[in-house]
Amino acid sequence: MPLVPVLARMEQTGVLVDADMLQQQSNELAVKMSDLEAQAHQLAGQPFNLSSPKQIQEILYTKLGLPVLKKTPKGQPSTAESVLQELAVDFPLPRMILDHRSVSKLRSTYTEKLPKQINPVTGRVHTSYHQAVAATGRLSSSDPNLQNIPVRSAEGRRIRQAFIAEPGYTVLAADYSQIELRIMAHLSQDAGLLQAFKDGLDVHKATAAEVFGVPLDQVEEHQRRSAKAINFGLIYGMSAFGLAKQLDIDRGAAQGYINLYFERYPGVKQYMDQTRELAREQGYIETLFGRRLYLPDINAKNGQLRQYAERTAINAPMQGSAADIIKLAMLSVDHWLQAERPPVRMVMQVHDELVFEVENSNLKQATKIIQQKMSDAAQLDVPLIVDVGIGKNWDEAH
DNA sequence: AGGTTAAGCGCG
DNA sequence: AAAGCGCGCTTAACCT
(Lines give C-alpha, C1' and ligand atoms only; values in the text may rest on other atoms or scores of the structure.)
Protein backbone atom coordinates (compact mmCIF):
# COMPACT_ATOMS: atom_id res chain seq x y z
CA MET A 1 0.00 0.00 0.00
CA PRO A 2 1.25 3.47 -0.78
CA LEU A 3 2.00 5.59 2.27
CA VAL A 4 0.36 8.58 0.65
CA PRO A 5 -3.34 7.96 0.33
CA VAL A 6 -4.46 7.60 -3.24
CA LEU A 7 -7.10 10.26 -3.38
CA ALA A 8 -8.06 9.99 -7.00
CA ARG A 9 -7.66 6.60 -8.60
CA MET A 10 -9.53 7.01 -11.86
CA GLU A 11 -11.92 4.16 -11.17
CA GLN A 12 -15.04 5.81 -12.47
CA THR A 13 -13.75 7.03 -15.80
CA GLY A 14 -10.33 6.02 -17.08
CA VAL A 15 -9.23 6.34 -20.67
CA LEU A 16 -9.69 4.03 -23.65
CA VAL A 17 -6.48 2.70 -25.17
CA ASP A 18 -6.19 0.70 -28.39
CA ALA A 19 -4.05 -2.27 -27.36
CA ASP A 20 -3.78 -3.71 -30.88
CA MET A 21 -2.38 -0.49 -32.22
CA LEU A 22 0.28 -0.41 -29.50
CA GLN A 23 1.09 -4.07 -30.09
CA GLN A 24 1.69 -3.32 -33.77
CA GLN A 25 3.96 -0.41 -32.86
CA SER A 26 5.85 -2.60 -30.40
CA ASN A 27 6.70 -4.99 -33.19
CA GLU A 28 7.91 -2.22 -35.45
CA LEU A 29 10.02 -0.69 -32.69
CA ALA A 30 11.58 -4.09 -31.98
CA VAL A 31 12.69 -4.28 -35.61
CA LYS A 32 14.27 -0.85 -35.43
CA MET A 33 16.11 -1.80 -32.25
CA SER A 34 17.66 -4.91 -33.75
CA ASP A 35 18.59 -3.01 -36.92
CA LEU A 36 20.46 -0.48 -34.83
CA GLU A 37 22.13 -3.21 -32.79
CA ALA A 38 23.33 -4.94 -35.95
CA GLN A 39 24.73 -1.72 -37.38
CA ALA A 40 26.48 -0.90 -34.13
CA HIS A 41 27.93 -4.42 -33.97
CA GLN A 42 29.43 -3.86 -37.43
CA LEU A 43 30.91 -0.51 -36.60
CA ALA A 44 32.27 -1.48 -33.22
CA GLY A 45 33.64 -4.78 -34.48
CA GLN A 46 32.08 -6.59 -31.52
CA PRO A 47 28.65 -7.28 -30.08
CA PHE A 48 27.33 -4.04 -28.64
CA ASN A 49 24.51 -3.83 -26.14
CA LEU A 50 23.51 -0.25 -26.84
CA SER A 51 21.72 0.17 -23.53
CA SER A 52 24.70 -0.75 -21.37
CA PRO A 53 26.52 2.35 -20.09
CA LYS A 54 29.52 0.18 -19.23
CA GLN A 55 29.82 -1.02 -22.81
CA ILE A 56 29.26 2.45 -24.21
CA GLN A 57 32.12 3.75 -22.09
CA GLU A 58 34.33 0.81 -23.03
CA ILE A 59 33.74 1.06 -26.75
CA LEU A 60 33.34 4.80 -27.28
CA TYR A 61 35.97 6.10 -24.92
CA THR A 62 38.44 3.28 -24.31
CA LYS A 63 38.41 1.40 -27.60
CA LEU A 64 37.65 4.20 -30.08
CA GLY A 65 39.19 7.02 -28.07
CA LEU A 66 36.36 9.53 -28.44
CA PRO A 67 36.89 12.65 -26.33
CA VAL A 68 35.34 12.66 -22.85
CA LEU A 69 33.35 15.89 -22.85
CA LYS A 70 31.71 15.48 -19.46
CA LYS A 71 31.73 13.20 -16.45
CA THR A 72 28.96 11.95 -14.21
CA PRO A 73 28.92 13.07 -10.55
CA LYS A 74 30.66 9.78 -9.74
CA GLY A 75 33.47 10.48 -12.17
CA GLN A 76 32.47 8.14 -14.98
CA PRO A 77 32.51 9.48 -18.55
CA SER A 78 29.00 10.74 -19.21
CA THR A 79 26.87 9.15 -21.89
CA ALA A 80 24.09 11.73 -21.49
CA GLU A 81 22.09 12.82 -24.50
CA SER A 82 23.68 16.27 -24.78
CA VAL A 83 27.14 14.70 -24.79
CA LEU A 84 26.30 12.08 -27.39
CA GLN A 85 24.65 14.78 -29.52
CA GLU A 86 27.96 16.61 -29.68
CA LEU A 87 29.92 13.46 -30.44
CA ALA A 88 27.41 12.53 -33.14
CA VAL A 89 28.64 15.45 -35.23
CA ASP A 90 31.94 13.68 -35.82
CA PHE A 91 31.20 9.98 -35.22
CA PRO A 92 28.43 7.57 -36.31
CA LEU A 93 28.05 5.41 -33.18
CA PRO A 94 26.71 8.05 -30.78
CA ARG A 95 23.78 8.71 -33.13
CA MET A 96 22.92 5.01 -33.10
CA ILE A 97 23.05 4.89 -29.32
CA LEU A 98 20.70 7.87 -29.13
CA ASP A 99 18.28 6.41 -31.66
CA HIS A 100 18.33 3.11 -29.85
CA ARG A 101 17.65 4.82 -26.55
CA SER A 102 14.62 6.72 -27.76
CA VAL A 103 13.17 3.69 -29.53
CA SER A 104 13.68 1.40 -26.55
CA LYS A 105 12.22 4.02 -24.23
CA LEU A 106 9.04 4.16 -26.29
CA ARG A 107 8.80 0.41 -26.45
CA SER A 108 9.62 -0.55 -22.88
CA THR A 109 7.73 2.25 -21.17
CA TYR A 110 4.71 2.68 -23.42
CA THR A 111 3.91 0.22 -26.19
CA GLU A 112 4.86 -2.83 -24.10
CA LYS A 113 3.41 -1.69 -20.80
CA LEU A 114 0.19 0.17 -21.51
CA PRO A 115 -1.71 -2.79 -23.00
CA LYS A 116 -1.02 -4.73 -19.79
CA GLN A 117 -2.49 -1.89 -17.72
CA ILE A 118 -5.90 -2.09 -19.35
CA ASN A 119 -8.50 -3.12 -16.80
CA PRO A 120 -10.29 -6.21 -18.17
CA VAL A 121 -13.60 -5.17 -16.62
CA THR A 122 -13.76 -1.60 -17.93
CA GLY A 123 -11.47 -1.99 -20.94
CA ARG A 124 -9.79 1.23 -19.90
CA VAL A 125 -6.55 2.41 -18.31
CA HIS A 126 -7.06 3.85 -14.82
CA THR A 127 -4.17 5.91 -13.53
CA SER A 128 -3.77 7.14 -9.96
CA TYR A 129 -3.52 10.86 -9.34
CA HIS A 130 -1.72 11.89 -6.17
CA GLN A 131 -2.45 15.17 -4.47
CA ALA A 132 0.24 15.17 -1.83
CA VAL A 133 3.42 14.37 -3.74
CA ALA A 134 4.58 17.35 -5.79
CA ALA A 135 5.93 20.18 -3.61
CA THR A 136 4.38 22.87 -5.79
CA GLY A 137 0.84 21.50 -5.55
CA ARG A 138 0.71 19.81 -8.89
CA LEU A 139 -0.90 16.42 -9.21
CA SER A 140 1.31 13.52 -10.06
CA SER A 141 0.21 10.42 -11.96
CA SER A 142 1.36 6.82 -11.60
CA ASP A 143 0.55 3.20 -12.43
CA PRO A 144 0.67 4.13 -15.21
CA ASN A 145 1.92 7.69 -15.43
CA LEU A 146 -0.33 9.33 -18.02
CA GLN A 147 1.33 12.72 -17.65
CA ASN A 148 4.38 11.75 -19.69
CA ILE A 149 2.84 10.14 -22.76
CA PRO A 150 5.10 11.05 -25.73
CA VAL A 151 4.22 14.02 -27.95
CA ARG A 152 7.43 15.71 -29.06
CA SER A 153 8.55 13.25 -31.73
CA ALA A 154 6.52 11.86 -34.64
CA GLU A 155 7.33 8.33 -33.52
CA GLY A 156 6.17 9.16 -30.03
CA ARG A 157 2.95 10.76 -31.20
CA ARG A 158 1.87 7.42 -32.62
CA ILE A 159 1.48 6.30 -29.02
CA ARG A 160 -0.92 9.17 -28.38
CA GLN A 161 -2.92 8.00 -31.36
CA ALA A 162 -3.77 4.87 -29.38
CA PHE A 163 -5.62 7.01 -26.80
CA ILE A 164 -9.14 7.03 -28.22
CA ALA A 165 -12.81 7.61 -27.44
CA GLU A 166 -15.59 5.04 -27.45
CA PRO A 167 -17.72 4.84 -30.62
CA GLY A 168 -20.01 7.83 -30.89
CA TYR A 169 -17.66 9.90 -28.74
CA THR A 170 -14.74 12.25 -29.48
CA VAL A 171 -11.55 13.11 -27.60
CA LEU A 172 -11.51 16.75 -26.51
CA ALA A 173 -8.28 18.28 -25.18
CA ALA A 174 -8.35 21.70 -23.52
CA ASP A 175 -5.13 23.36 -22.46
CA TYR A 176 -4.19 26.68 -20.91
CA SER A 177 -2.08 28.84 -23.22
CA GLN A 178 1.15 30.06 -21.57
CA ILE A 179 -0.42 29.91 -18.13
CA GLU A 180 2.82 30.28 -16.18
CA LEU A 181 3.90 33.38 -18.10
CA ARG A 182 0.44 34.86 -17.62
CA ILE A 183 0.77 34.25 -13.90
CA MET A 184 4.18 35.92 -14.01
CA ALA A 185 2.59 38.94 -15.68
CA HIS A 186 -0.12 39.03 -13.01
CA LEU A 187 2.23 38.58 -10.05
CA SER A 188 4.87 41.00 -11.29
CA GLN A 189 2.39 43.56 -12.65
CA ASP A 190 4.98 44.35 -15.30
CA ALA A 191 3.29 46.83 -17.64
CA GLY A 192 4.80 45.48 -20.86
CA LEU A 193 4.04 41.87 -20.14
CA LEU A 194 0.48 42.66 -18.99
CA GLN A 195 -0.11 44.63 -22.18
CA ALA A 196 1.27 41.88 -24.41
CA PHE A 197 -1.25 39.40 -23.00
CA LYS A 198 -4.11 41.90 -23.03
CA ASP A 199 -3.38 42.54 -26.69
CA GLY A 200 -3.48 38.81 -27.37
CA LEU A 201 0.06 38.81 -28.75
CA ASP A 202 2.28 35.81 -29.36
CA VAL A 203 4.27 36.38 -26.18
CA HIS A 204 7.55 34.87 -27.36
CA LYS A 205 7.40 36.98 -30.48
CA ALA A 206 6.59 40.08 -28.43
CA THR A 207 9.53 39.35 -26.14
CA ALA A 208 11.78 38.95 -29.17
CA ALA A 209 10.64 42.30 -30.54
CA GLU A 210 11.46 43.99 -27.23
CA VAL A 211 14.79 42.30 -26.58
CA PHE A 212 16.11 42.55 -30.13
CA GLY A 213 14.60 45.94 -30.79
CA VAL A 214 12.75 45.09 -33.98
CA PRO A 215 9.12 45.65 -35.02
CA LEU A 216 6.74 42.80 -34.21
CA ASP A 217 6.23 41.86 -37.84
CA GLN A 218 9.96 41.68 -38.49
CA VAL A 219 10.85 39.18 -35.76
CA GLU A 220 12.85 36.33 -37.24
CA GLU A 221 12.41 32.71 -36.31
CA HIS A 222 15.74 32.42 -34.51
CA GLN A 223 14.93 35.54 -32.51
CA ARG A 224 11.61 34.09 -31.43
CA ARG A 225 13.34 30.87 -30.46
CA SER A 226 15.83 32.75 -28.31
CA ALA A 227 13.06 34.76 -26.70
CA LYS A 228 11.17 31.57 -25.91
CA ALA A 229 14.25 30.14 -24.22
CA ILE A 230 14.59 33.34 -22.22
CA ASN A 231 10.94 33.24 -21.15
CA PHE A 232 11.16 29.63 -20.03
CA GLY A 233 14.50 30.25 -18.41
CA LEU A 234 13.05 33.05 -16.34
CA ILE A 235 10.29 30.83 -15.02
CA TYR A 236 12.93 28.34 -13.90
CA GLY A 237 15.38 30.86 -12.46
CA MET A 238 18.00 30.07 -15.09
CA SER A 239 21.39 31.81 -15.17
CA ALA A 240 23.36 33.25 -18.08
CA PHE A 241 25.38 30.05 -18.07
CA GLY A 242 22.29 27.90 -18.56
CA LEU A 243 20.86 30.16 -21.24
CA ALA A 244 24.18 30.15 -23.08
CA LYS A 245 24.19 26.36 -23.14
CA GLN A 246 20.58 26.22 -24.22
CA LEU A 247 21.10 28.63 -27.12
CA ASP A 248 24.67 27.55 -27.92
CA ILE A 249 26.03 31.08 -27.57
CA ASP A 250 28.74 32.45 -25.31
CA ARG A 251 28.03 33.51 -21.78
CA GLY A 252 28.54 37.19 -22.42
CA ALA A 253 25.91 37.19 -25.15
CA ALA A 254 23.49 35.30 -22.92
CA GLN A 255 24.03 37.78 -20.11
CA GLY A 256 23.40 40.54 -22.65
CA TYR A 257 20.02 39.05 -23.54
CA ILE A 258 19.06 38.76 -19.90
CA ASN A 259 20.11 42.35 -19.19
CA LEU A 260 18.11 43.56 -22.16
CA TYR A 261 15.09 41.55 -21.03
CA PHE A 262 15.17 43.10 -17.57
CA GLU A 263 15.53 46.57 -19.07
CA ARG A 264 12.41 46.04 -21.15
CA TYR A 265 10.46 44.27 -18.41
CA PRO A 266 11.61 46.01 -15.21
CA GLY A 267 8.55 44.80 -13.32
CA VAL A 268 9.69 41.21 -13.81
CA LYS A 269 13.16 42.04 -12.50
CA GLN A 270 11.66 43.72 -9.46
CA TYR A 271 9.31 40.81 -8.83
CA MET A 272 12.15 38.29 -8.95
CA ASP A 273 14.26 40.29 -6.50
CA GLN A 274 11.29 40.78 -4.20
CA THR A 275 10.42 37.09 -4.29
CA ARG A 276 13.94 36.04 -3.28
CA GLU A 277 13.93 38.63 -0.53
CA LEU A 278 10.52 37.56 0.78
CA ALA A 279 11.57 33.92 0.73
CA ARG A 280 14.67 34.77 2.79
CA GLU A 281 12.64 36.74 5.32
CA GLN A 282 9.78 34.33 5.90
CA GLY A 283 11.34 30.99 4.90
CA TYR A 284 8.55 30.12 2.51
CA ILE A 285 6.76 31.39 -0.55
CA GLU A 286 3.07 31.29 -1.43
CA THR A 287 1.01 30.73 -4.54
CA LEU A 288 -1.76 33.09 -5.61
CA PHE A 289 -4.17 31.13 -3.44
CA GLY A 290 -1.91 30.87 -0.41
CA ARG A 291 -0.43 27.41 -0.86
CA ARG A 292 2.92 27.50 0.91
CA LEU A 293 6.20 25.96 -0.05
CA TYR A 294 8.77 26.02 2.74
CA LEU A 295 12.38 26.63 1.72
CA PRO A 296 14.60 25.57 4.61
CA ASP A 297 17.75 26.05 2.53
CA ILE A 298 17.02 29.62 1.46
CA ASN A 299 19.59 31.00 3.94
CA ALA A 300 22.00 28.08 3.78
CA LYS A 301 25.75 28.73 3.94
CA ASN A 302 26.21 26.12 1.23
CA GLY A 303 25.93 28.11 -1.98
CA GLN A 304 24.68 25.21 -4.06
CA LEU A 305 21.84 24.45 -1.68
CA ARG A 306 20.97 28.12 -1.32
CA GLN A 307 20.89 28.78 -5.05
CA TYR A 308 18.71 25.75 -5.60
CA ALA A 309 16.29 27.11 -3.01
CA GLU A 310 16.35 30.49 -4.75
CA ARG A 311 15.43 28.94 -8.08
CA THR A 312 12.63 27.07 -6.37
CA ALA A 313 11.44 30.32 -4.82
CA ILE A 314 11.22 31.86 -8.29
CA ASN A 315 9.54 28.89 -9.94
CA ALA A 316 7.11 27.67 -7.28
CA PRO A 317 4.70 30.64 -7.27
CA MET A 318 4.17 30.24 -11.00
CA GLN A 319 4.07 26.47 -11.22
CA GLY A 320 2.06 26.27 -8.01
CA SER A 321 -0.47 28.95 -8.95
CA ALA A 322 -1.03 27.21 -12.28
CA ALA A 323 -1.67 24.00 -10.36
CA ASP A 324 -4.15 25.79 -8.08
CA ILE A 325 -6.00 27.21 -11.06
CA ILE A 326 -6.43 23.95 -12.96
CA LYS A 327 -7.60 22.24 -9.77
CA LEU A 328 -10.26 24.92 -9.36
CA ALA A 329 -11.19 24.40 -12.99
CA MET A 330 -11.53 20.65 -12.42
CA LEU A 331 -13.88 21.26 -9.50
CA SER A 332 -15.92 23.70 -11.54
CA VAL A 333 -16.19 21.26 -14.44
CA ASP A 334 -17.09 18.46 -12.07
CA HIS A 335 -19.90 20.51 -10.52
CA TRP A 336 -21.30 21.00 -13.99
CA LEU A 337 -20.99 17.27 -14.78
CA GLN A 338 -22.71 16.36 -11.50
CA ALA A 339 -25.51 18.87 -11.91
CA GLU A 340 -26.30 18.47 -15.59
CA ARG A 341 -25.12 14.92 -16.26
CA PRO A 342 -24.09 15.63 -19.85
CA PRO A 343 -22.53 12.74 -21.83
CA VAL A 344 -19.05 14.02 -21.01
CA ARG A 345 -16.25 12.32 -19.07
CA MET A 346 -13.19 14.09 -17.65
CA VAL A 347 -10.54 11.44 -18.18
CA MET A 348 -7.06 12.98 -17.73
CA GLN A 349 -5.17 15.94 -16.29
CA VAL A 350 -1.71 16.82 -17.57
CA HIS A 351 -0.69 19.91 -15.56
CA ASP A 352 -2.07 22.56 -17.91
CA GLU A 353 -4.43 20.36 -19.91
CA LEU A 354 -7.69 18.52 -19.31
CA VAL A 355 -8.76 15.67 -21.58
CA PHE A 356 -12.41 14.68 -22.05
CA GLU A 357 -14.44 12.08 -23.85
CA VAL A 358 -17.50 13.80 -25.28
CA GLU A 359 -20.55 12.34 -27.00
CA ASN A 360 -20.51 13.61 -30.58
CA SER A 361 -23.79 15.53 -30.55
CA ASN A 362 -22.65 17.45 -27.47
CA LEU A 363 -19.30 18.62 -28.78
CA LYS A 364 -20.22 22.21 -29.52
CA GLN A 365 -21.86 22.84 -26.19
CA ALA A 366 -19.21 20.95 -24.20
CA THR A 367 -16.40 22.89 -25.87
CA LYS A 368 -18.00 26.17 -24.94
CA ILE A 369 -18.72 25.24 -21.33
CA ILE A 370 -15.32 23.66 -20.68
CA GLN A 371 -13.52 26.60 -22.22
CA GLN A 372 -15.51 29.03 -20.15
CA LYS A 373 -15.13 27.14 -16.88
CA MET A 374 -11.38 26.81 -17.33
CA SER A 375 -10.96 30.46 -18.32
CA ASP A 376 -13.07 31.62 -15.39
CA ALA A 377 -11.36 29.42 -12.82
CA ALA A 378 -9.36 32.46 -11.66
CA GLN A 379 -9.56 36.17 -12.23
CA LEU A 380 -6.13 37.47 -13.17
CA ASP A 381 -5.13 40.84 -14.63
CA VAL A 382 -4.62 39.07 -17.95
CA PRO A 383 -7.06 36.80 -19.75
CA LEU A 384 -6.69 33.03 -19.27
CA ILE A 385 -6.87 31.62 -22.77
CA VAL A 386 -7.88 27.99 -23.25
CA ASP A 387 -7.19 26.22 -26.54
CA VAL A 388 -9.49 23.34 -27.38
CA GLY A 389 -8.87 20.62 -29.91
CA ILE A 390 -10.97 17.60 -30.87
CA GLY A 391 -10.21 14.41 -32.70
CA LYS A 392 -10.59 10.67 -33.01
CA ASN A 393 -7.61 10.30 -30.69
CA TRP A 394 -5.53 12.32 -28.26
CA ASP A 395 -2.92 13.18 -30.88
CA GLU A 396 -5.52 14.55 -33.28
CA ALA A 397 -7.08 16.62 -30.52
CA HIS A 398 -3.96 18.80 -30.35
C1' DA B 1 15.98 -13.79 -5.30
C1' DG B 2 15.07 -9.28 -4.14
C1' DG B 3 16.04 -4.40 -3.06
C1' DT B 4 18.50 0.03 -3.97
C1' DT B 5 20.89 3.61 -6.63
C1' DA B 6 22.48 6.19 -10.65
C1' DA B 7 21.78 7.49 -15.11
C1' DG B 8 18.86 8.51 -18.48
C1' DC B 9 14.59 10.25 -20.55
C1' DG B 10 9.32 10.63 -21.27
C1' DC B 11 6.04 14.83 -20.12
C1' DG B 12 4.42 19.95 -18.50
C1' DA C 1 31.81 24.44 -7.89
C1' DA C 2 27.58 24.57 -9.99
C1' DA C 3 25.16 26.29 -13.53
C1' DG C 4 16.74 25.15 -15.28
C1' DC C 5 11.60 24.03 -12.04
C1' DG C 6 8.31 19.79 -11.15
C1' DC C 7 7.34 14.71 -11.68
C1' DG C 8 7.51 8.72 -12.64
C1' DC C 9 9.45 4.64 -15.05
C1' DT C 10 13.06 1.58 -16.93
C1' DT C 11 17.47 -0.40 -17.12
C1' DA C 12 22.02 -1.60 -15.67
C1' DA C 13 24.91 -2.20 -12.02
C1' DC C 14 25.58 -3.12 -7.55
C1' DC C 15 24.29 -4.77 -3.01
C1' DT C 16 22.46 -7.90 0.66
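Chain A is the first sequence line, chain B the second, and so forth, proteins listed ahead of strands; every chain is numbered from 1.
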Can you tell me how far P of C:dC7 sits from CD of A:Gln131, to the nearest Å? 15 Å
Assign each of A:Gln319 and A:Gln307 the nucleotide of DNA chain C bearing its closest heavy atom; nearer the 5' end lies the nucleotide of A:Gln307
In whole Å, what is the span from the CG atom of A:Leu305 to the P atom of C:dA3? 11 Å
Write down the distance between CZ (A:Arg306) and P (C:dA1), rounded to a whole number of angstrom. 17 Å
Is atom CD of A:Gln42 surrounded by more than 12 heavy atoms (other residues, nucleotides or ligands) closer than 6.0 Å? no
Send over the distance from A:Asp143 CG to C:dT10 P, rounded to a whole Å. 9 Å
Partner residues of A:Tyr294 under the ring pair (Phe, Tyr, Trp, His ring centres under 6.0 Å) criterion, sequence neighbours left out: A:Tyr284
Name every residue in residues 89-116 of chain A that has at least one heavy atom under 4.0 Å from any atom of DNA chain B, in order of residue number, or write none if there are no such residues. A:Arg101, A:Ser102, A:Lys105, A:Tyr110
Using a 4.0 Å cut-off on heavy atoms, which residues in residues 234-245 of chain A reach DNA chain B? List them by number, or say none. A:Tyr236
Polar contact flag, side-chain donor to acceptor under 3.5 angstrom, A:Gln46-A:His41: no
I need the CD-C1' distance between A:Gln76 and C:dC14, as an integer number of Å. 13 Å
Rounded to whole angstrom, note down the P distance from C:dA2 over to B:dG8. 16 Å
Base, sugar-phosphate alone, or nothing: which one does A:Gln304 contact when heavy atoms must sit under 4.0 Å apart? sugar-phosphate
From OH of A:Tyr129 over to P of C:dC7, roughly how many Å is that when rounded to an integer? 17 Å
Within 45 degrees of the ring normal and closer than 6.0 Å to the centroid, is that where the cationic atom of A:Arg345 sits relative to A:Tyr169? yes
Atom CG of A:Leu146 to atom P of C:dC7: distance rounded to whole Å? 18 Å
Could you list where the contact with chain A starts and ends along DNA chain B, reading 5' to 3', using a 4.0 Å heavy-atom cut-off? B:dA6 to B:dG12
Chi angles and distances behind the salt bridge (charged side-chain N to carboxylate O under 4.0 Å, His left out) call for A:Lys32, A:Glu155: CA-CA 12 Å; A:Lys32 288 193 180 169; A:Glu155 195 71 64; 2.6 Å; yes
Where is the tightest heavy-atom contact between A:Ala209 and A:Pro215, given as atom of each residue plus distance? CB-C, 4.4 Å
In terms of side-chain geometry, is the basic nitrogen of A:Lys205 or A:Glu210 positioned less than 4.0 Å from the acidic oxygen of its partner? no
A:Ile298 and A:Tyr308, any side-chain heavy atoms less than 4.5 Å apart: no
Using Watson-Crick and G-U wobble pairs with both distances under 3.5 Å, what is the 5'-to-3' dot-bracket string of DNA chain C, with [ ] for crossing pairs and | for pairs outside the strand? ....||||||||||||
Could you tell me the separation between the CG atom of A:Asn49 and the C1' atom of C:dT11, rounded to a whole number of Å? 10 Å
Under the criterion salt bridge (charged side-chain N to carboxylate O under 4.0 Å, His left out), I'd like the reasoning laid out for A:Asp248 against A:Lys245: C-alpha separation, chi angles, the key distance, then a yes or no. CA-CA 5 Å; A:Asp248 197 23; A:Lys245 223 167 56 176; over 6 Å; no
Testing the basics here: between A:Gln218 and A:Gln223, what is the closest heavy-atom pair and its distance to 0.1 Å? O-OE1, 4.0 Å
For C:dG8 and A:Ser142 - does any side-chain N or O of the residue sit under 4.0 Å from the phosphate oxygens OP1/OP2? no
For the NZ atom on A:Lys63, are there more than 12 heavy atoms of other groups (residues, nucleotides or ligands in this structure) within a distance under 6.0 Å? yes
Charged N to carboxylate O below 4.0 Å: is that the case for A:Arg280 and A:Glu310? yes
Just checking, any donor-acceptor pair under 3.5 angstrom between side chains of A:Thr111 and A:Ser26? yes
The answer to which of A:Thr136 and A:Lys54 contacts DNA chain C further toward the 5' end, by nearest nucleotide, is A:Thr136
Touch check for A:Arg311, heavy atoms < 4.0 angstrom, all strands: base, sugar-phosphate only, or nothing? sugar-phosphate
With the threshold set at 4.0 Å, does a side-chain nitrogen-carboxylate oxygen contact exist between A:Arg225 and A:Glu220? no
Members of residues 59-66 of chain A that approach DNA chain C, where some heavy atom sits under 4.0 Å away: none
Rounded P spacing from B:dA7 to C:dA3 in Å: 13 Å
Cut-off 3.5 Å, side chains only: do A:Ser128 and A:Asp143 have a donor facing an acceptor? no
Among side-chain atoms of A:His398 and A:Glu353, is any donor-acceptor pair under 3.5 angstrom? yes
Between A:Thr136 and A:Gln319, is there a side-chain donor-acceptor contact under 3.5 Å, judged purely by atom types and distance? yes
